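Quick caveat: nothing in here was measured; it's all calculated off a predicted structure.
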Amino acid sequence: MTVLSDQVRKRGLNALLVYTFLMVVGFAMLMPLVSVHFVSNAGMAAAVVGGALALRQMTQQGLALVGGMLADRFGVRPMICLGVLLRAAGFASLAFADDGLSLCVAMVVSALGGALFEAPYQAAIAALTTEETRPRYYALSNWVSGIASTVGPLVGVALLHVDFQMVCLAAAACFALNCGIALWMLPPLAAPEAPRTMTHRLGLVARDRPFLLFTALMMGYWFVAVQINISFPLLAERLSGNQDSVGIMFALSAGLTVLLQYHLLRVAEKWLSTQQILVLGVTIIALGAGAIALAQSFAAFLVCVAAFSIGAILVRPTMQNLIASMANPQALGTFLGFSSLSLALGGAIGNVTGGWLVEFSGARQWPQLPWMIFCAVGLLSAFGLFRLAPRAREAA
């Protein structure tokens, strides 16, 4: 990578914080309203809308490796610009989608944009930070994301009172602005000394056994983590008897992130290594999910959600830090793109299995079964990460 001055690094990292805020606000103001608008207002079948949403996630996460490889070949900044412009086009086209096909096309275009910019965005952070500054920056970035994920839905709902098209165009504008930020404020982050062939870069990943094991083990984390979007809302509504409880649940999670993200990680870093913080976070998430099996009231459920959210606060920045530290600098984008497969596969399995387990356990009158399985998978993932920690340190 090009040698950068501290001033250039600081300017680029500050730009990425603004980029992060706009990226999360743009996404959060629109995506939660997609199912509401297209089912309730446009009259589409819920299965069609759900399929389009699933298609978006699988396309984006499944192709993130391609985005990372292209960033290694053509540079980080060009891929970020192309990706956010595609995302903006996809979100803008949602404003004019009026049938299942046009909805799916808009989702695929926005997903392709995400696939192109996500790994380069992470690679930019990894390239502009150092081993010393990276943990603190990831904590700060996740804190900004927490604020943005709280603001985004509020902006979306306010604009929805005007028109759904306004929501789509405002979300698209956020990503279009990010193109300008990347173009004018990010330094060039090409890696001219990196191997140019994609097969060589993939070979570097394939031969890095600790990184492959880490990615596989994080699938277990994502299997449990995505339950906050599928199993948790279903139980929240059942325990409270109304849909407003789902909003309360997400507000609690976002509020804890804003309040605790930066300071909790600073305290943890005084006593634990990065790997130990990650293992602790995954363990707390697993136990928080498992404790839901004992929750008989909505208040008790919220206590479990709080524990789950605290675990996530510990996991996210440490996971990002470890991935960046373990990645080979000669193929940074490829490694970061490959790591997205843990979310693509683990998240997809978690979404499908989570919904099925809730229905199956309800039919069999085994309400504790899903939460016991989520807990077991999370604890197995934490144990594997604990055993991997020495090899991860060697790789880092």
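Considering CD1 of Ile323 and CD of Gln122, their distance stands at 8.0 Å, rounded to 0.5 Å. Separation of atoms CD1 (Ile181) and CZ (Phe21) is listed at 11.0 Å; rounding is to 0.5 Å. Here the CG atom belonging to Leu70 is positioned 9.0 Å from the CG atom belonging to Leu82, to the nearest 0.5 angstrom. In this structure, Phe223 CZ and Met218 CE are separated by 14.5 Å, a value rounded to the nearest 0.5 Å. Rounded to the nearest 0.5 Å, atoms CG (Leu388) and CD (Gln275) are 9.0 Å apart. Rounding to the nearest 0.5 Å gives a distance of 7.5 Å between CG of Asn178 and CE of Met23.
No side-chain N or O of Asn321 forms a donor-acceptor pair with one of Thr318 less than 3.5 Å apart. Side-chain contact check for Gln320 and Arg316: no donor-acceptor pair (N or O, by modelled atom type) lies under 3.5 Å. Side-chain atoms of Gln61 and Arg56 include no donor-acceptor pair closer than 3.5 Å.
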- Message: Would Leu235 and Arg238 count as a side chain to side chain contact (heavy atoms under 4.5 Å, CB included) here? Give the steps.
- Response: CA-CA 5 Å; Leu235 183 60; Arg238 184 177 68 81; 3.0 Å; yes
- Check step by step if side chain to side chain contact (heavy atoms under 4.5 Å, CB included) holds for Met79 and Met69. CA-CA 10 Å; Met79 299 315 301; Met69 295 173 69; over 6 Å; no
- Message: Run the side-chain hydrogen bond (donor to acceptor under 3.5 Å, both in side chains) test on Ser145 and Asn142 for me, step by step, so that the C-alpha distance in whole Å, both residues' side-chain angles and the decisive distance to 0.1 Å come before the verdict.
- Response: CA-CA 5 Å; Ser145 296; Asn142 278 273; 5.2 Å; no
- Task: Mind running side chain to side chain contact (heavy atoms under 4.5 Å, CB included) on Met249 and Ile228 for me, showing each step along the way?
- Result: CA-CA 9 Å; Met249 179 193 76; Ile228 197 166; 4.2 Å; yes
- Checking side chain to side chain contact (heavy atoms under 4.5 Å, CB included) for the pair Leu63/Val66: CA distance, chi angles, key distance, verdict? CA-CA 5 Å; Leu63 294 179; Val66 176; 4.3 Å; yes
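Side-chain atoms of Ser240 come within 3.5 Å of backbone N or O of Ala236 as a donor-acceptor pair. Of the possible donor and acceptor atoms, one in the side chain of Gln261 sits under 3.5 Å from a partner among the backbone N and O of Ile313. Glu118 places no side-chain N or O within 3.5 Å of a backbone atom of Ala64 that could act as its donor or acceptor partner.
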Extract all donor-acceptor atom pairs below 3.5 Å that involve side chains of residues 369-381 and protein atoms in other chains or at least two apart in sequence.
| from | atom 1 | to | atom 2 | distance (Å) |
| --- | --- | --- | --- | --- |
| Ser381 | OG | Leu217 | O | 2.8 |

For residues 281-305, run the donor-acceptor check on the side chains, cut-off 3.5 Å, and write out each pair with its distance to 0.1 Å, sequence neighbours left out.
| from | atom 1 | to | atom 2 | distance (Å) |
| --- | --- | --- | --- | --- |
| Thr283 | OG1 | Val279 | O | 2.8 |
| Ser297 | OG | Ala300 | N | 3.2 |

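Heavy-atom minimum distance, Arg134 versus Thr129: NE-OG1, 2.9 Å.
Under the 4.5 Å side-chain heavy-atom criterion for ILVMFWY residues, no single connected hydrophobic cluster contains both Trp222 and Phe383.
For Phe308 and Phe232, the ring centers are positioned less than 6.0 Å apart.
Contact annotation: the side chain of Leu16 approaches that of Ile125 to within less than 4.5 Å [non-hydrogen atoms, C-beta and beyond]. Under the 4.5 Å side-chain criterion, counting only non-hydrogen atoms from C-beta, Met31 is in contact with Phe91. Put simply, the side chain of Arg77 reaches to within 4.5 Å of the side chain of Pro188, judged on heavy atoms. Looking at heavy atoms from C-beta onward, Ser102 lies in side-chain contact with Asp99 at the 4.5 angstrom threshold.
Ring planes of Phe117 and Tyr19: perpendicular class, angle over 60° (limits at 30 and 60°). Ring geometry for His37 against Phe164 counts as parallel: the plane angle stays under 30°, on a 0 to 90° scale with 60° as the upper cut.
Not counting sequence neighbours, the partners of Ser141 by the side chain to side chain contact (heavy atoms under 4.5 Å, CB included) test are Leu17, Thr20, Tyr121, Tyr137.
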